[in-house]
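Data block below; observations after.
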Amino acid sequence: MPRKSKRSLQDVVGKETYDVWVDMLRELVPNGRTHRLSVVVAGMLEYAVDKSMQIKHRNEEEHSVAMSLIDATDTSDPDSIKKLIHDVVDRLFKDAGVEYERVSKRGERYSIADEIYNEFSGWHDYPWD
């Protein structure tokens, strides 16, 4: 059984904001559409990146979540992003008591988390730029 990560987005955004996010996901995920939920959580991650950039004298030990978020912005590959921050996304969903793994009506497995990484990777990509 994989060890539960102690890393949390709460370390970057604070308890109050994190608690609001957890409450939001608890309400939105059960009946929410993946293409909408993924944008909401990718937005949360972008907010956390901004907060991470504001931490002065960042170091890997004390600010591992912040450093992982910043590193995730240096790649456009969703799989690389997943490797860097999946544990904190997993923890966010677990803290909300909801699942990011789903099964379609046709029986196909898919993941809200994977769509989050796709949205996050292209957050600043605009077709008109």
Side-chain angles (χ1 to χ4, degrees):
M1 177 181 211
R3 199 178 82 186
K4 185 177 177 182
S5 173
K6 293 183 180 177
R7 294 178 357 129
S8 172
L9 288 168
Q10 180 175 316
D11 300 339
V12 175
V13 301
K15 181 173 177 24
E16 187 176 322
T17 298
Y18 189 76
D19 287 348
V20 169
W21 289 358
V22 166
D23 288 343
M24 285 174 60
L25 290 182
R26 189 175 293 124
E27 289 291 321
L28 296 174
V29 170
N31 296 310
R33 298 289 191 184
T34 298
H35 68 279
R36 293 184 178 126
L37 295 168
S38 61
V39 174
V40 169
V41 179
M44 292 173 178
L45 294 174
E46 281 294 324
Y47 176 84
V49 168
D50 288 345
K51 290 295 186 185
S52 296
M53 298 293 228
Q54 295 173 20
I55 297 172
K56 293 182 182 181
H57 310 294
R58 290 181 300 270
N59 67 59
E60 185 59 41
E61 281 185 32
E62 286 182 53
H63 305 105
S64 67
V65 175
M67 295 300 295
S68 293
L69 286 163
I70 291 167
D71 289 346
T73 64
D74 289 337
T75 181
S76 60
D77 176 40
D79 289 331
S80 297
I81 293 167
K82 183 176 184 174
K83 288 175 186 169
L84 289 165
I85 63 172
H86 182 69
D87 63 324
V88 295
V89 171
D90 179 68
R91 173 123 185 234
L92 176 64
F93 276 77
K94 278 187 175 34
D95 288 349
V98 293
E99 298 287 329
Y100 52 83
E101 296 292 338
R102 292 186 162 179
V103 178
S104 73
K105 290 179 182 177
R106 294 184 298 271
E108 299 165 346
R109 296 186 140 310
Y110 65 99
S111 171
I112 298 170
D114 288 342
E115 291 306 313
I116 291 166
Y117 309 129
N118 287 333
E119 289 294 334
F120 182 79
S121 72
W123 191 264
H124 296 283
D125 296 343
Y126 306 107
W128 52 86
D129 282 347

Do [X] and [Y] sit in one hydrophobic cluster, given that two such residues count as connected whenever their side-chain heavy atoms are within less than 4.5 Å of each other, even indirectly?
X	Y	value
Ile55	Val13	no
Tyr117	Tyr47	yes
Leu28	Val39	no

Gap between atom [atom2] of [Y] and atom [atom1] of [X] - 0.5 Å precision:
X	Y	atom1	atom2	answer
Met24	Asp19	CE	CG	13.0 Å
Asp74	Asp77	CG	CG	13.0 Å
Ile112	Arg33	CD1	CZ	11.5 Å
Leu37	Ile116	CG	CD1	8.0 Å
Ser68	His86	OG	NE2	13.5 Å

What's the shortest heavy-atom distance between [X] and [Y], and which atoms?
X	Y	answer
Arg91	Tyr18	O-OH, 3.7 Å
Ala48	Val12	O-CG1, 3.3 Å
Glu46	His124	OE1-NE2, 3.3 Å
Gly43	Trp123	CA-CH2, 3.4 Å

Do the non-hydrogen side-chain atoms of [X] and [Y] ever get within less than 4.5 Å of each other?
X	Y	answer
Val65	Ile85	no
Leu25	Asp95	no
Asp114	Tyr110	no
Val103	Glu108	no
Pro30	Val98	yes
Val29	Arg102	yes
Val40	Met44	yes

task: Take Asp23 and Arg26 through the test salt bridge (charged side-chain N to carboxylate O under 4.0 Å, His left out) and record every step on the way to the result.
output: CA-CA 5 Å; Asp23 288 343; Arg26 189 175 293 124; 2.8 Å; yes
query: Short question: side chain of Ser121, backbone of Asn118 - any donor-acceptor pair under 3.5 Å?
result: yes
field: Donor-acceptor contact below 3.5 Å, side chain Arg7 vs main chain Ser64
entry: yes
- prompt: In terms of side-chain heavy atoms, does His35 have a donor or acceptor partner in Glu119 at a distance below 3.5 Å?
  reply: no
message: Pairing donors with acceptors under 3.5 angstrom, does anything connect the side chains of Asp90 and Tyr100?
response: yes
- request: May I ask you to check whether over 12 heavy atoms, not counting those of Glu27, lie within 6.0 Å of atom CD?
  value: no
message: Would you say CD of Glu16 has more than 12 non-hydrogen atoms from neighbouring residues, nucleotides or ligands within 6.0 angstrom?
response: no
- line: Which of Thr73, Val89, Val41 passes side-chain contact (heavy atoms from CB on, under 4.5 Å) with Phe120? It is Thr73
